[in-house]
Amino acid sequence: MGVAMQGAIRTLIVDDEPLARRGLELRLAGEPDVEIVRQCGNGAEAVKAVAELQPDLMFLDVQMPGLDGFAALRAIPASQLPLVVFVTAYDHYAIRAFEASAVDYLLKPIDDSRLAQALYRVRQQRREHEADQHCARLLNLLGELSGKPALTLDEALSDDAGKLKRPAEAQRLAIRDGNRTVRLDMADIRWIDAAGDYMCIHASDETHILRATMRELEGQLDERRFQRVHRSTIVNLERVKSMRAHINGEYFLMLDCGHELKLSRSYKDKIELLK
């Protein structure tokens, strides 16, 4: 696994935002057993750095252009996987999966006490020789997100894992969620947004995560009910209760659950559908 059991925690910081990398670097400077071996601005750099440096720990941003956090994990051989602490700006991006499958996760802006807790868990895992168990949890996470929980690691990291299933009938959307198939009533879906290679389907009861593209998912939905309002967001028009103008021709849409979504200028032709 490439995770040392003693000595400095050789650490890789992966984030596309320079200020975020610098902020984490400054916080870690006060930890005498943490050695930052490199900082990377995207997933491709991270994959190369892991192969070259074999770090013990990686702080991995989830949302990055190009090769995002999950894609970077898929590209790293199992024998090289370090301990991973996910970093994200959005708590609706598979937080429950992170809790179950990663060493820890951190929400931006990073809270000092949460960082301390994450480092405590990292040190504990190193002491307890849990590198292999951590690898298994990462495998479980990728399996859950791909809809193929029984995969081997090589299969889970492959590009064709977890394709979207076609709906069994027009009023329902059938997807794989972990080891079960969930048939969502279309009316229960509030909005859908993209998280790298994955789609987060926000329904009335919970959020479901699957690997698919926005285009693939649009092909499964009734365009009379579901419309793209942003390059990474689809909304159920029946769930929109009000809208308010924003700057530069943008709008904010208020859903019946109280959540707000931005309607970007590129999709302002959808305003007529909302009236």
Side-chain angles (χ1 to χ4, degrees), residues 1-76 80-127 130-131 134-135 137-138 141-142 145 194-198 200 232:
M1 285 296 299
V3 179
M5 290 304 150
Q6 59 184 358
I9 304 172
R10 302 177 68 255
T11 301
L12 189 66
I13 298 175
V14 184
D15 198 308
D16 64 306
E17 300 175 1
L19 288 178
R21 295 197 303 271
R22 177 58 175 164
L24 187 53
E25 177 187 18
L26 291 174
R27 285 177 166 85
L28 293 174
E31 304 293 336
D33 60 343
V34 175
E35 175 189 359
I36 299 175
V37 294
R38 186 169 298 174
Q39 298 185 31
C40 301
N42 56 61
E45 292 179 7
V47 173
K48 293 179 181 178
V50 168
E52 176 185 346
L53 301 171
Q54 292 286 284
D56 305 317
L57 171 65
M58 177 165 59
F59 287 92
L60 181 62
D61 189 15
V62 176
Q63 301 89 32
M64 294 182 291
L67 202 67
D68 66 7
F70 291 121
L73 280 182
R74 291 198 302 273
I76 297 173
Q80 297 179 6
L81 274 174
L83 298 174
V84 175
V85 173
F86 289 102
V87 181
T88 178
Y90 304 100
D91 61 1
H92 59 272
Y93 281 167
I95 289 302
R96 282 176 298 177
F98 295 174
E99 289 176 328
S101 308
V103 174
D104 207 342
Y105 70 90
L106 296 172
L107 289 177
K108 297 179 180 178
I110 296 174
D111 178 77
D112 288 340
S113 63
R114 284 291 293 117
L115 177 59
Q117 184 179 29
L119 290 173
Y120 172 81
R121 291 177 177 176
V122 168
R123 294 177 181 116
Q124 185 178 44
Q125 288 212 10
R126 281 162 54 88
R127 285 195 302 268
E130 289 185 351
H134 173 71
C135 179
R137 285 194 293 273
L138 284 177
L141 166 62
L142 293 171
L145 295 178
D197 291 339
Y198 297 88
C200 299
S232 60

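The structure presented is a predicted model; accordingly, all values stated were derived computationally and were not measured.
In summary, of the residues considered (V85, L28, V103), a side-chain contact (heavy atoms from CB on, under 4.5 Å) with L119 occurs for L28 alone.
For D15 against E17, the heavy-atom pair with the smallest separation is OD1-N, 2.9 Å. Taking every heavy atom of both residues into account, I36 and I13 meet most closely at CD1-CD1, 3.7 Å. When all heavy atoms of L12 and R38 are compared, the pair lying nearest together is CD1-O, 3.3 Å. Across P55 and P82, no two heavy atoms sit closer than the pair O-CB, 3.3 Å. Contact detail for I9 and R123: the closest heavy-atom pair is CD1-CG, 3.9 Å. Nearest heavy atom pair, residue A118 against residue D104, reads CA-OD2, 3.3 Å.
When only modelled atom types and interatomic distance are considered, Q124 and R121 share no side-chain donor-acceptor pair under 3.5 Å.
Rounding to the nearest 0.5 Å places CZ of R10 at 14.0 Å from CG of D33. Once rounded to the nearest 0.5 Å, the distance linking OH of Y105 with CG of L60 reads 16.0 Å. Going from atom CG of L115 over to atom CG of L106 covers 6.0 Å, rounded to the nearest 0.5 Å. Here the CG atom belonging to L53 is positioned 8.0 Å from the SG atom belonging to C40, to the nearest 0.5 angstrom.
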Dump the intermediate steps for side-chain contact (heavy atoms from CB on, under 4.5 Å) on L81 and L73, then the final yes or no.
CA-CA 8 Å; L81 274 174; L73 280 182; 3.8 Å; yes

Q) Between L57 and L83, does a side-chain contact (heavy atoms from CB on, under 4.5 Å) hold up when you go through it step by step? A) CA-CA 5 Å; L57 171 65; L83 298 174; 4.1 Å; yes

| task | Start with the C-alpha distance between D61 and V14, add both sets of side-chain angles, then the distance that settles side-chain contact (heavy atoms from CB on, under 4.5 Å), and finish with yes or no. | result | CA-CA 6 Å; D61 189 15; V14 184; 5.6 Å; no

Practice task
In sequence, state the C-alpha distance, the side-chain angles, and the governing distance for L107 and T88, and then conclude on side-chain contact (heavy atoms from CB on, under 4.5 Å).
Solution key: CA-CA 5 Å; L107 289 177; T88 178; 3.6 Å; yes

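The side-chain hydrogen bond (donor to acceptor under 3.5 Å, both in side chains) test applied to E35 returns no partner, not counting sequence neighbours.
Judged by distance alone, with hydrogens and angles left aside, the side-chain atoms of D111 form a donor-acceptor pair with the main-chain N or O of R114 at under 3.5 Å.
When the shell of 6.0 Å around CG of L19 is examined, it contains 12 or fewer heavy atoms from other residues, nucleotides or ligands.
A salt bridge links R22 with E25: the distance from a Lys NZ or Arg NE/NH1/NH2 to an Asp or Glu carboxylate oxygen falls below 4.0 Å.
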